[in-house]
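A short write-up of the structure that comes next.
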Amino acid sequence: MKTKVLMVCLGNICRSPLAEGILKSKVDTTLIEVDSAGTAGYHTGNPPDPRSIAVARKYKIDISRQRCRRFVREDFDRFDHIFVMDQSNYQDIMEIAEDSGHREKVKLLLEEIDTGPSEVPDPYYGGDSGFEYVFELIDQACNALVLRLQQR
Ligand code: 4NP
């Protein structure tokens with residue numbers, strides 16, 4: 001059976017689309033399903049932020065066909081692992097969780113790595129260098145996550 005991983009941020013246009021694209025680029029997608037969603041619905045149906053598309057393209061990852069969607073309660077049942085980018089996403093998701101089975105699926109993505117910050121900062125209001133930094137953080141976390149998923 002496929003392992004299903006959901007990446008979550010606030011808008012689903014900057015960080016979690018990158019996380020979806022980066023993780024997909026590292027795994028066999030016939031074995032591991034990867035999706036992303038946002039806790040807010042402001043950008044539903046839109047492609048990722050052009051700055052996220054550009055930094056991903058720089059590393060030969062195409063995220064331009066992704067479309068923004070909002071996190072829904074059913075995602076707790078559909079996915080095995082739900083990775084959030086920051087504490088605010090964590091709290092928003094926990095408010096919708098119905099039981100301990102839901103709650104134990106949710107982790108901060110950067111918990112996958114022992115060093116560095118614990119949150120992927122929101123790059124929306126910053127410059128392009130923020131997107132490069134976010135890419136690097138997510139890339140490192142996904143390297144660790146892939147090793148862990150493959151050990152199962
Ligand atoms: P994301 O970034 O959560 O990484 O997708 C944001 C995108 C849009 C907004 C905030 C954060 N916004 O306020 O529209």
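When a ligand or atom number is given, it counts from 1 through the structure's own listing order.
- Below 4.0 Å from some heavy atom of Tyr125 lie the following atoms of ligand 1, by number and element: 13 (O).
- Shortest contact from atom 1 (P) of ligand 1 to any protein heavy atom: Cys9 SG, 3.5 Å.
- Salt bridge annotation for Asp35-Lys4: absent, with no cationic side-chain nitrogen under 4.0 angstrom from a carboxylate oxygen.
- A salt bridge links Arg78 to Glu33: at least one charged side-chain nitrogen sits closer than 4.0 Å to a carboxylate oxygen.
- In summary, Arg69 and Asp75 engage in a salt bridge, as defined by a charged side-chain N under 4.0 Å from a carboxylate O.
- Here Asn12 has backbone heavy atoms under 4.0 Å from ligand 1, and that is the only part of it that gets that close.
- The distance criterion of under 3.5 Å between nitrogen or oxygen atoms is not met by Tyr42 with respect to ligand 1.
- Closest protein heavy atom to atom 4 (O) of ligand 1: Arg15 NE, 2.7 Å.
- Between Glu112 atom CD and Cys142 atom SG the span is 8.5 Å, to the nearest 0.5 Å.
- Among protein heavy atoms, the minimum distance from atom 11 (C) of ligand 1 is reached at Asp122 OD2, 3.0 Å.
- Protein heavy atom at the shortest distance from atom 12 (N) of ligand 1 is Tyr124 CE2, 3.6 Å.
- Taking a cut-off of under 4.0 Å to the non-hydrogen atoms of His43, the atoms of ligand 1 that pass are 8 (C), 12 (N), 14 (O).
- Residue Gly11 places at least one N or O, backbone or side chain, under 3.5 Å from an N or O of ligand 1.
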Can you check side chain to side chain contact (heavy atoms under 4.5 Å, CB included) on Leu10 and Tyr124, steps first, answer last?
CA-CA 10 Å; Leu10 172 62; Tyr124 187 64; over 6 Å; no
Asn89 vs Asp86, test: side-chain hydrogen bond (donor to acceptor under 3.5 Å, both in side chains). Steps then yes/no.
CA-CA 5 Å; Asn89 309 147; Asp86 62 31; 3.1 Å; yes
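- Annotation: the span from Met7 atom CE to Leu18 atom CG amounts to 10.5 Å, rounded to 0.5 Å.
- The distance from atom CG of Leu23 to atom CG of Leu109, rounded to the nearest 0.5 Å, is 8.5 Å.
- Residue-to-ligand polar distances keep Ser16 apart from ligand 1: every N/O pair is separated by 3.5 Å or more.
- The Leu10 neighbourhood of ligand 1 comprises atoms 3 (O), 10 (C), 11 (C), with distances under 4.0 Å to a heavy atom of that residue.
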